[in-house]
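Working notes, beginning with the structure itself.
One is the number of the first residue; the rest follow in order along the sequence.
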Amino acid sequence: MISTHVLDTERGEPRPGLAVALFRGGELVSEQLTDDDGRIGELAPDGLQAGEYRLVFDVAGEFFRRVELTLTVTEPDRHHHVPLLVSAFSCTTYRGS
């Protein structure tokens, strides 16, 4: 499972309606919008396999337009939570729990 939570640290609020895409290689696995709380609970509804995945956040800001992260999944049955903190001129991510 891969989930995410996007927070706008400039406003101190979640980022609802933000498009997030998950790719495995060149294949689009899922594209969804964050909910009212800035969350997507499951980006890989058909499950994960071991390998590289790419998360693409369409932040559409004045400076940062898109944030892309490449993840290596070695334990497909484990929950992988990837939060993104974003503001006009800063972004931070980490492996959540």
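Contact of the Leu69 side chain with the Phe57 side chain is registered, since non-hydrogen atoms from C-beta on lie closer than 4.5 Å. Contact annotation: the side chain of Arg66 approaches that of Val56 to within less than 4.5 Å [non-hydrogen atoms, C-beta and beyond]. The side-chain heavy atoms of His81 and Ser97, taken from C-beta on, include no pair separated by under 4.5 Å. Contact of the Leu71 side chain with the Ile2 side chain is registered, since non-hydrogen atoms from C-beta on lie closer than 4.5 Å.
From Glu27, atom CD reaches atom CG of Leu22 across 10.0 Å, with rounding to the nearest 0.5 Å.
When the side chain to side chain donor-acceptor pair (under 3.5 Å) test is applied to Glu13, the partners found at least two apart in sequence or on another chain are Arg11. By the salt bridge (Lys or Arg N to Asp or Glu O under 4.0 Å) test, Glu62 is found to be paired with no residue, residues two or more places apart in sequence or in another chain being considered. Every residue two or more places apart in sequence or in another chain that forms a side-chain contact (heavy atoms from CB on, under 4.5 Å) with Arg78 is listed here: Glu75, His80, Arg95. Applying the ring-ring contact (aromatic ring centres under 6.0 Å, His included) test to Phe89 and every residue at least two apart in sequence or in another chain returns Phe63. With sequence neighbours left out, the side-chain contact (heavy atoms from CB on, under 4.5 Å) criterion links Ser87 to Thr9, Glu10, Ser90.
The residue from Asp35, Leu84, Leu33, Val59 that alone fulfils the side-chain contact (heavy atoms from CB on, under 4.5 Å) condition with Leu18 is Val59.
Nearest approach of Pro83 to Thr93, heavy atoms of both residues: O-OG1, 2.5 Å.
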With a 3.5 Å cut-off and sequence neighbours excluded, list the donor-acceptor pairs that the side chains of residues 37-53 form with protein atoms.
from	atom 1	to	atom 2	distance (Å)
Asp37	OD2	Arg39	NE	2.8
Arg39	NH2	His5	ND1	3.4
Glu42	OE2	Ala44	N	2.8
Gln49	OE1	Arg24	NH1	3.2
Tyr53	OH	Arg24	NE	3.4
Tyr53	OH	Gln49	N	2.9
Tyr53	OH	Gln49	O	3.1

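A continuous path of hydrophobic side-chain contacts links Val29 to Val20 [ILVMFWY only; heavy atoms under 4.5 Å].
Taking a 4.5 Å side-chain heavy-atom cut-off between Ile, Leu, Val, Met, Phe, Trp and Tyr, the cluster of Leu85 extends to Leu7, Tyr94.
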